[in-house]
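Step one of this worksheet: look at the structure below.
Chain letters run A, B, ... following the sequence lines, proteins first and then strands; every chain starts at 1. In this text, all values refer to a predicted model and were calculated from it rather than measured experimentally.
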There are 2 protein chains.
Amino acid sequence: MPTESRPRAPDAESRAERKERTRRAILDAALALAADSNLAAISLRQVAKQVGVVPTAFYRHFGSLELLGLALVDESFRSLRLMLLDVWRHAPEYRDFIDGSLPIVAQHVRENRTHYAFIARERVAGPPRVREAITHEIELITRELSTDIARSGAAEHYSSTDIALLADLIVSFVVTMAERLVEDPDSEARILAQARTQLRMLLVGALSWRSREPAAGAEARDD
Amino acid sequence: MPTESRPRAPDAESRAERKERTRRAILDAALALAADSNLAAISLRQVAKQVGVVPTAFYRHFGSLELLGLALVDESFRSLRLMLLDVWRHAPEYRDFIDGSLPIVAQHVRENRTHYAFIARERVAGPPRVREAITHEIELITRELSTDIARSGAAEHYSSTDIALLADLIVSFVVTMAERLVEDPDSEARILAQARTQLRMLLVGALSWRSREPAAGAEARDD
DNA sequence: CAGACGAGTGAACGTACGTTCACTGGAAGT
DNA sequence: ACTTCCAGTGAACGTACGTTCACTCGTCTG
């Protein structure tokens with residue numbers, strides 16, 4: 001039996017399509033409102049008004065504002081992880097890692113500014129469940145970076161716990177950098193240039209801190 | 001002429017004293033409410049209720065919630081700077097710097113948890129003016145750390161701009177650490193131990209990243 | 001001692017909030 | 001064709017919000 005018995009109108013949307021469209025509109029409206037600086041906790045009614053729908057309709061899609069927040073966290077980190085997969089795949093060498101990865105991260109922040117603004121805000125000021133979800137996602141990324149560092153063999157003389165600490169150091173720094181890019185998008189070039197130098201300070205030093213002789217590429221610097 | 005013409009009751013407060021007491025109570029109540037996880041923007045009425053005063057009385061002390069926020073930022077950073085002065089005075093050597101300074105910072109966070117929680121939250125989620133004030137204060141601290149690093153001669157082969165970047169790296173890291181201490185006070189020991197190692201990774205490496213031979217104390221490590 | 005001052009009061013305003021409930025009307029299922 | 005389903009409606013609820021205003025009444029001042 002066919003799913004739709006009367007596919008008369010070719011440009012018409014199915015009921016499921018319309019629902020998904022409204023759901024997306026709610027997510028986007030929530031992001032847009034979260035990007036505005038006023039409130040950390042966004043208002044259900046504001047979201048509904050922006051979507052052009054009555055407040056009650058919200059509950060057809062999300063049981064509460066908190067669940068909407070969790071959905072946004074999920075969505076934000078899904079795209080972020082895709083980006084990171086791409087970064088790590090194309091970064092076998094550390095000199096390349098910094099110069100190659102930072103612009104990709106910056107581009108992703110630029111193209112998903114509302115997501116990052118939401119995450120940055122809710123990470124410290126959101127409802128507890130949302131905060132926990134964000135913290136957990138960042139921990140997962142740190143863990144993945146740890147295994148990636150270990151697999152790359154860049155830190156042979158590191159214990160596994162020290163590798164984890166190094167990964168945490170890098171992730172924390174990038175989180176801070178992303179926050180700055182969100183806060184002041186016009187200064188992207190300056191923020192990136194500074195972060196490039198700082199990450200090099202951090203990595204070149206950290207990768208040689210336990211060894212007596214410099215690690216591979218540690219003393220290579222030409223500018 | 002005496003300020004008080006009839007000092008009859010010895011335990012009675014002057015009008016100015018009572019006003020100051022209420023002002024302090026408002027500041028404390030606002031901090032206590034900001035420590036709770038619910039709202040980034042605290043409510044004037046909640047503050048008044050906690051103080052045990054009618055909402056209108058608030059305006060005798062602060063023109064708006066934003067001005068109250070700015071007062072709290074001021075107060076928080078005043079005590080923070082006093083602590084930092086103490087830290088920097090007793091840290092002429094870098095090995096000592098880490099082991100000596102981190103516990104002091106941790107103690108200060110522990111003893112002023114509500115202040116730090118307020119700053120951490122409002123830094124990214126507060127009203128724009130409050131956010132700017134916090135950013136500015138942190139920049140001032142970074143600048144002071146820069147001059148302190150330069151004066152100490154620890155980074156002779158650094159350009160002044162690179163010293164500023166190093167200082168920013170350190171301050172950003174400590175801000176992140178403070179946020180974690182606020183979020184999870186029970187893990188203070190673990191957070192501190194990890195931060196100790198990470199700061200050593202960062203500093204030992206960074207201080208030698210431009211020089212061919214290791215900087216003073218860079219290779220000293222015994223655990 | 002008498003008047004000015006000013007911290008705190010109490011009522012009232014308009015607005016916005018989250019959530020509930022019964023409902024409508026068109027698409028989906030049979 | 002007839003029924004079921006369900007995204008969206010609209011009114012209503014109780015509560016909380018920031019801000020205003022005229023006021024009290026103890027303290028300070030001249």
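Going from atom CZ of A/R23 over to atom P of D/dG8 covers 12 Å, rounded to whole Å. Summarising the geometry, the separation between CG on A/L68 and P on C/dG18 is reported as 11 Å, rounded to the nearest angstrom. Taking atom NZ on B/K19 and atom C1' on C/dT9, their separation rounds to 16 Å, with Å as the unit. Whole-Å rounding puts the A/L33 CG to C/dC17 C1' distance at 14 Å. At whole-Å resolution of the value, CZ in B/R18 and P in D/dC25 are 16 Å apart. Across the protein-nucleic acid pair, A/H61 atom NE2 and D/dA7 atom P stand 7 Å apart, rounded to whole Å. In this structure, A/E20 places its CD atom 16 Å from P of D/dC6, rounding to the nearest Å. Computed from coordinates, the A/E17 CD to D/dC6 C1' distance equals 16 Å when rounded to whole Å.
Across all strands shown, B/V53 has heavy atoms under 4.0 Å from sugar-phosphate atoms exclusively, and none from any base.
Between A/S43 and the phosphate of C/dG18, there is a side-chain N or O to OP1/OP2 separation shorter than 4.0 Å.
Under 4.0 Å is where a charged nitrogen must lie from a carboxylate oxygen, and between A/E75 and A/R24 at least one such pair does. Ion pairing between a basic and an acidic side chain is recognised when a charged N comes within 4.0 Å of a carboxylate O; A/R180 and B/D168 show such pairing. A salt bridge links A/E188 and A/R110; the closest N-O separation between the charged side-chain nitrogens and carboxylate oxygens is under 4.0 Å. Using a 4.0 Å cut-off between a side-chain N of Lys or Arg and a carboxylate O of Asp or Glu, B/R151 and B/D148 qualify as a salt bridge.
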Can you pull every protein N or O that's under 3.5 Å from an N or O on nucleotides 19-22 of chain C?
from   : atom 1 : to    : atom 2 : distance (Å)
C/dT19 : OP2    : A/Y59 : OH     : 2.6
C/dT19 : O5'    : A/Y59 : OH     : 3.3

Residue pair A/Q107, A/E111: steps toward the side-chain hydrogen bond (donor to acceptor under 3.5 Å, both in side chains) verdict: CA-CA 6 Å; A/Q107 175 188 344; A/E111 291 173 352; 3.1 Å; yes
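For the pair B/K49 and A/T22, both in contact range of DNA chain D, the more 5′-proximal nearest nucleotide belongs to A/T22.
Aromatic ring centres of B/Y116 and B/H108 lie closer together than 6.0 Å.
Taking every heavy atom of both residues into account, A/S79 and A/N112 meet most closely at OG-ND2, 4.0 Å.
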